[in-house]
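Here the structure is laid out as structure tokens; the discussion comes afterwards.
Just so it is clear, the structure is predicted and the values come from calculations on it, not from any experiment.
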Amino acid sequence: MLDARKRIVIASLFASLVLGGIAGAGESKHAAKPGDAAEATQTNGADEAKSAKKPKGLSDQFVETEHSATIDGESFDYTATAGRLVIETDELDPKAEVFFVAYTRSTEDDSTRPLTFCFNGGPGSSSVWLHLGMLGPKIINFPDDASVLRPPYHLDENHNSLLDTTDLVFIDPVSTGYSRPAKEVSKGDFHGYSKDIHSVGQFIHDYTTRFERWLSPKFILGESYGGLRVAGLSGYLRNHYKMELNGAVVISGAINFQTLRFSSSNDLPSVCFMPTYAATAWYHKQLDEKLQALPIEKLVHRAEKFAYEKYAPALLKGTRLGAKEREKVATELARLTGLSKEYVLSANLRIPMGRFGKELLRDEELTIGRFDSRYSGIDRDSAGESSEYDPSAAALFGAFTACLNDYMRSELDYEDRRVYEILTGKVHPWKYDSFEGRYVDASESLREAMTANPYLKLFVACGYYDLATPHHAMHYTLDHLGLPQQRRDNVTVKHYEGGHMMYIHQPSLEQMRSDLLEFYQQATGN
């Protein structure tokens, strides 16, 4: 629960009562309500000097609460700051209010402590998954056996948080969480690859300036589509703001969409997904006795070797593939994926993820999860080509939603009458204008940033059971990043026995903390 000492910071109020009705203003139990001219701004003289009034009525508003944590046997105090930061044009007109939750450890010199900006993906996702699943001081503990957690839910202390090592800022991009465009500003100004990079990048710049963290070692950490955002931001922050990063962390990331988009003219996803098919079949005990006896690491390595050396060349030949080679490849593909040889041949050696998820356990009348293939579900019937829903999403989303909404009010003292958009479709249509006529691929931005900054290090975490962004797709992306030899040692890749959100698997979370501590030490030169 909360420490008795609480601080509420309101950077500025609405310009007048007339502007008090602007939609989307967050409120706190203890903070002055936006537009209430009778409330006094609760800041000291230094804060007042820093926070000029916003001309259009929107205002920064933060709620600070004091807490304590114990991580790795060490107890320490930290401040949680929940609220909105208004990003503006050069003319100081508000563009949007971006909601965030920051955790800062109390130290003598905050300015030199590492600072990590965290976000999930979607597009359309809030940062709740990383916040309450992996990095924040409170966490939801899910069963390690991929069984469904029984409601009602609750939060526990996260003894594997990185808060002992780095301050954390969880960002909800515009239209997710409590973040919203300013009045009369189009949502379309934020819903696209480039526009998203610009708005999230501006938030990072403005937060760094507002809280005087320019001299801190800086990291960005993104999951899923957040990997594409990490790649884009690594270049944008450097080129636009001259902000150099110490590290970039990608969790189950998507950077090159060509590795993920199945189509009749793109065989690359078939190659990239196949090792995860093998891992999934191994988990559900669908392989022969010899393969089933292998450790997961060796089984996956064998599947990767087949994918590159036998499977990819066969697909490349298309209809020129000879009958004998086709038969041989089909036999081994079926053996490694747990599917029947007849099914593999009838699918012309190409099995999209949706088909695999329905077919693997069809005899048991079960489907498998996309985000985490350890989970299984039940459809209305077993005759279809794809699953009715994602069993892993169904098992996880409700717990994150309930705990986030309670946590905001009960522990962070932040209240808002609007819906906290956990994962929303309101960001669509999402535009990829800069990639028109080609696959979305932000790897060049990442390459340029890592080439120009010799101290920028990259950490990539992959789950063996991730059928949304499979690990071999990331391998392919990194293999084709084009980094010069002297920069390749700046890349660290780790694998875990979990899915897209591998951190809900406790042993994987513990190993990730250990791996990331080492990464942060290297990236900061300690």
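For an aromatic pair to be called close, the ring centres must be under 6.0 Å apart, and His495 with His471 satisfies this. Between Phe62 and Phe211, the ring center distance clears the sub-6.0 Å criterion. Taking the six-membered ring wherever Trp is involved, the centroid distance between the rings of Phe117 and Phe219 does not fall below 6.0 Å. Aromatic ring centres of Phe400 and Phe142: separated by under 6.0 Å. For Phe459 and Phe519, the distance between ring centers is under 6.0 angstrom. A distance of 6.0 Å or more separates the ring centres of Phe170 and Trp129.
Under the 6.0 Å distance and 45° angle rule, Arg229 counts as a cation-pi partner of Phe119.
Ser373 and Tyr464 share no donor-acceptor pair across their side chains, judged by distance under 3.5 Å alone. Defined by atom type and a distance below 3.5 Å, a donor-acceptor pair is present between the side-chain atoms of Gln202 and Lys95. Side chain to side chain, Asn158 and Lys138 fail the donor-acceptor criterion of an N or O pair below 3.5 Å. With hydrogens and angles left out, the side-chain atoms of His505 and Tyr465 include no donor and acceptor closer than 3.5 Å. Using modelled atom types and a 3.5 Å distance limit, the side chains of His480 and Ser443 yield no donor-acceptor pair. Under the 3.5 Å distance criterion, with hydrogens and angles disregarded, a donor-acceptor pair is assigned to the side chains of Asp172 and Tyr420. Side-chain N/O atoms of Asp466 and Thr469 include a donor and acceptor closer than 3.5 Å. Remark: the Thr276 side chain and the His472 side chain contain no N/O donor-acceptor pair separated by less than 3.5 Å. In this structure, a donor-acceptor pair under 3.5 Å is absent between the side chains of Thr477 and His475. Ser126 and Thr176 share no side-chain donor-acceptor pair at under 3.5 Å. Side chains of Tyr496 and Asp515: a donor-acceptor N/O pair is present below 3.5 angstrom, by distance only.
Looking at Ser127, its side chain never comes within 3.5 Å of a backbone N or O of His131 through a donor-acceptor pair. For Arg447 (side chain) and Leu483 (main-chain N/O), no donor-acceptor pair under 3.5 Å exists by modelled atom type. Between the side chain of Asp406 and the backbone N or O of Ala402, no donor-acceptor pair lies under 3.5 Å. Side-chain atoms of Arg355 never come within 3.5 Å of backbone atoms of Glu385 as a donor-acceptor pair (strictly under, hydrogens ignored). Judged by distance alone, with hydrogens and angles left aside, the side-chain atoms of Arg213 form no donor-acceptor pair with the main-chain N or O of Arg210 at under 3.5 Å. Using a distance-only test at 3.5 Å, with no hydrogens or angles considered, a donor-acceptor pair links the side chain of Arg84 to the main chain of Ser59. No donor-acceptor distance shorter than 3.5 angstrom exists from the side chain of Ser224 to the backbone of Gly226, with no hydrogens or angles considered.
Taking all atoms of both residues into account, the shortest heavy-atom contact from Thr165 to Leu517 is OG1-CD2, 3.0 Å. Residues Val174 and Val427 come closest through the heavy atom pair O-CG1, 4.3 Å. In this structure, Met274 and Ala307 approach most closely via the heavy-atom pair SD-CB, 4.0 Å.
Two residues are said to be in side-chain contact when any heavy atoms from C-beta on lie closer than 4.5 Å; Val460 and Lys494 fail this criterion. Taking 4.5 Å as the limit, every side-chain heavy atom of Met243 sits out of range of all side-chain heavy atoms of Tyr236. Using a 4.5 Å cut-off on side-chain heavy atoms (C-beta onward), Leu162 and Tyr520 make contact. Using a 4.5 Å heavy-atom threshold, the side chains of Arg418 and Arg180 count as touching. Put simply, the side chain of Ile139 does not reach to within 4.5 Å of the side chain of Leu155, judged on heavy atoms. Two residues are said to be in side-chain contact when any heavy atoms from C-beta on lie closer than 4.5 Å; Thr81 and Val101 fail this criterion. Counting heavy atoms from C-beta on, the side chains of Asn266 and Tyr439 come closer than 4.5 Å. Considering only heavy atoms from C-beta on, Thr524 comes within 4.5 Å of Pro114 through its side chain.
Residue Leu458 forms a side-chain contact (heavy atoms from CB on, under 4.5 Å) with just one option from Val493, Leu478, Thr492, and that option is Leu478. If you run side-chain contact (heavy atoms from CB on, under 4.5 Å) between Leu509 and each of Met502, Met134, Met501, only Met134 comes through. The one candidate from Val230, Val250, Thr166, Leu135 that meets the side-chain contact (heavy atoms from CB on, under 4.5 Å) condition with Leu221 is Leu135.
Ring orientation note: the planes of His205 and Tyr241 are close to parallel, at an angle under 30° on the 30°/60° scale.
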Audit row: Phe356, Phe273, ring pair (Phe, Tyr, Trp, His ring centres under 6.0 Å) steps and yes/no: CA-CA 10 Å; Phe356 177 80; Phe273 276 72; 9.5 Å; no

With side chain to side chain contact (heavy atoms under 4.5 Å, CB included) as the criterion, how do Ile220 and Thr116 come out once you've worked through the C-alpha distance, each side chain's angles and the decisive distance to 0.1 Å? CA-CA 6 Å; Ile220 51 177; Thr116 303; over 6 Å; no

Check step by step if side chain to side chain contact (heavy atoms under 4.5 Å, CB included) holds for Tyr193 and Ser434. CA-CA 8 Å; Tyr193 170 77; Ser434 56; 3.7 Å; yes

Residues Ser199, Ile87; criterion side chain to side chain contact (heavy atoms under 4.5 Å, CB included); working and verdict: CA-CA 8 Å; Ser199 61; Ile87 58 174; 4.1 Å; yes

Assess the residue pair Ser175 and His191 against the criterion (side chain to side chain contact (heavy atoms under 4.5 Å, CB included)); give the C-alpha distance rounded to whole Å, side-chain angles, the decisive distance to 0.1 Å, and a yes or no. CA-CA 9 Å; Ser175 296; His191 299 168; 2.8 Å; yes

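Between Asp167 and Arg113, at least one side-chain nitrogen of the basic residue sits less than 4.0 Å from a carboxylate oxygen of the acidic one, meeting the salt-bridge criterion. Between Asp267 and Arg350 a salt bridge is recorded (basic side-chain N to carboxylate O distance below 4.0 Å). Between Lys431 and Asp196 there is no salt bridge, since none of the side-chain N atoms of the basic residue sits less than 4.0 Å from a carboxylate O of the acidic one.
The structure places CD1 of Ile140 at 10.0 Å from CD1 of Ile504, a figure rounded to the nearest 0.5 Å.
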